[in-house]
Amino acid sequence: MRLRQIALATSDLDAVTKALEDVFGLRVAFRDPHIIHYGLKNAVLPVGSAFIEALQPVHPDASAARFLAKRGDDAGYMLIFQAPDAAAERARVAALGVRVVDDIDRPDYRASHFHPADFGGVLTSIDEQRTAADYLEPLGDWWPAGPDWHAALGEDVRELVAVTLSSPDPAALAERWSTLLNAPLDSGDRLRLPLAKGELRFVHGDEPGTRFHGVELKLARPADALGRARAAGFDVDDEGVLIAGVRFMVVS
């Protein structure tokens, strides 16, 4: 299993996209015209071999609109994992009692979206890129990012390292995600779930439910990114910079 993409929900797509571009030097690779099917518009930006997607609801009945209304602000919305066999993962996860809320079945791509209430509190998808001989290929095809995503690769951001989720009971949440992704927790740190590429981490949060606490990015020059964020007036602290309700932590 590989952490391949995260999605942020926002009421201002242009502002969030500009923030990611200005702070981290990211560039938009693709805007999916078909995502209007979900009542959304989007922008997908490569971060090394992974992706950040920003989503804005354009219909009030879109699930992302309800999510934002409940949270009251921009926030992390979705995690997307890549696997060698999405159909097998769908069957395994469904056998755990998890509801499948959407299915994408194309000649080149297969994906299943799982209900957040059943899947650790986060809208989650497990996808397969059928044109990739090796799902861990660093710069392999990725349908959600469009056919030419490599042309948008930036020079500074090297990789999406980890996503940290918060919960009033992080130990139970970590165990749940370990079961859902069929991956063992770190034996030395039971609040860390390493994957074949990328990882999930779990921390205590006072707010109810599961929330995106942070995203860790590997940068060639992290101090430069934080300097740009401070100069532009972003909320910056020792942990990183706040964009779309998520703290982006940077490491070299």
Side-chain angles (χ1 to χ4, degrees), residues 3-22 24 26-47 50-83 86-87 89-90 93 98-119 121-132 140-154 160 163 211-212 215 243-246:
L3 176 60
R4 196 72 198 272
Q5 183 168 321
I6 66 170
L8 312 172
T10 177
S11 58
D12 191 337
L13 178 63
D14 291 342
V16 169
T17 302
K18 187 175 188 303
L20 293 170
E21 292 172 334
D22 291 349
F24 300 119
L26 301 180
R27 290 183 287 176
V28 175
F30 189 56
R31 298 180 187 271
D32 186 353
H34 303 294
I35 205 169
I36 193 66
H37 167 73
Y38 300 102
L40 301 168
K41 60 181 181 178
N42 78 334
V44 180
L45 303 90
V47 284
F51 303 90
I52 296 172
E53 179 182 18
L55 299 165
Q56 179 182 333
V58 294
H59 294 157
D61 59 345
S63 60
R66 297 192 298 271
F67 172 84
L68 286 172
K70 181 178 179 181
R71 292 298 172 103
D73 203 353
D74 296 354
Y77 179 62
M78 187 176 185
L79 293 175
I80 302 175
F81 299 89
Q82 185 177 0
E89 293 295 337
R90 173 193 173 112
V93 172
V98 176
R99 289 166 285 179
V100 178
V101 296
D102 193 26
D103 181 54
I104 300 170
D105 192 357
R106 296 168 44 95
D108 56 347
Y109 199 80
R110 179 69 190 271
S112 295
H113 296 185
F114 300 100
H115 198 296
D118 301 335
F119 209 104
V122 178
L123 179 62
T124 300
S125 185
I126 299 179
D127 301 11
E128 176 188 354
Q129 182 67 47
R130 287 170 164 159
T131 59
D141 293 345
W142 190 240
W143 175 67
D148 303 314
W149 71 265
H150 305 84
L153 280 169
L160 169 63
V163 172
R211 294 174 180 262
F212 277 51
V215 172
I243 297 175
V246 175

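All of these numbers come straight from a predicted model, not from anything done at the bench.
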Under 3.5 Å, side chain of [X] to main-chain N/O of [Y], donor-acceptor pair present?
{"X": "T124", "Y": "V122", "value": "yes"}
{"X": "S125", "Y": "S112", "value": "yes"}
{"X": "D74", "Y": "S11", "value": "yes"}

Find out whether [X] and [Y] are in side-chain contact, i.e. whether some heavy atom of one side chain is under 4.5 Å from a heavy atom of the other.
{"X": "V163", "Y": "I6", "result": "yes"}
{"X": "F24", "Y": "I52", "result": "no"}
{"X": "E128", "Y": "Q82", "result": "no"}
{"X": "T17", "Y": "V28", "result": "yes"}
{"X": "D103", "Y": "R110", "result": "yes"}
{"X": "I80", "Y": "M78", "result": "yes"}

I'd like to know if K41 and D32 make a salt bridge, using a cut-off of under 4.0 Å between side-chain N and carboxylate O.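 Not counted as a salt bridge, because no side-chain N and carboxylate O are separated by less than 4.0 Å.
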
salt_bridge(R130, D105) N-O dist < 4.0 Å: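 A salt bridge links R130 with D105.
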
Which of parallel (below 30°), tilted (30 to 60°) and perpendicular (above 60°) describes W149 and F51? perpendicular

Report the relative orientation of the aromatic rings in Y109 and W143; use parallel for angles under 30°, tilted for 30 to 60°, perpendicular for over 60°.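 Tilted: the ring planes of Y109 and W143 meet at 30° to 60°.
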
Results of ring-ring contact (aromatic ring centres under 6.0 Å, His included) for F81 - residues two or more places apart only: none

Going by the rule side chain to side chain donor-acceptor pair (under 3.5 Å), which residues pair with D108 if we only count those two or more places apart in sequence or in a different chain? R106

Residue pair H113, I104: steps toward the side chain to side chain contact (heavy atoms under 4.5 Å, CB included) verdict: CA-CA 9 Å; H113 296 185; I104 300 170; 4.2 Å; yes

Under the salt bridge (charged side-chain N to carboxylate O under 4.0 Å, His left out) test, which residues partner R27, sequence neighbours left out? none

For R99, what residues pass the salt bridge (charged side-chain N to carboxylate O under 4.0 Å, His left out) criterion, not counting sequence neighbours?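 Residues passing salt bridge (charged side-chain N to carboxylate O under 4.0 Å, His left out) with R99: D118.
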
What side-chain donor-acceptor pairs closer than 3.5 Å can you find for residues 53-64, not counting sequence neighbours?
from : atom 1 : to  : atom 2 : distance (Å)
E53  : OE1    : Q5  : NE2    : 2.9
E53  : OE2    : N42 : ND2    : 2.8
Q56  : OE1    : L13 : N      : 2.8
S63  : OG     : Y77 : OH     : 2.9

When rounded to the nearest 0.5 angstrom, what is the spacing between CG in L123 and CZ in F67? 9.0 Å

Using the rule given for side chain to side chain contact (heavy atoms under 4.5 Å, CB included), can you reason through D148 versus F30, listing the C-alpha separation, both sets of side-chain angles and the distance that settles it, and then say yes or no? CA-CA 8 Å; D148 303 314; F30 189 56; over 6 Å; no

Which salt bridge (Lys or Arg N to Asp or Glu O under 4.0 Å) pairs, counting each pair once, include a residue from residues 9-19, with sequence neighbours left out?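 Found K18-D22.
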
Check the pair D73 / L68 against side chain to side chain contact (heavy atoms under 4.5 Å, CB included), numbers first and verdict last. CA-CA 6 Å; D73 203 353; L68 286 172; over 6 Å; no

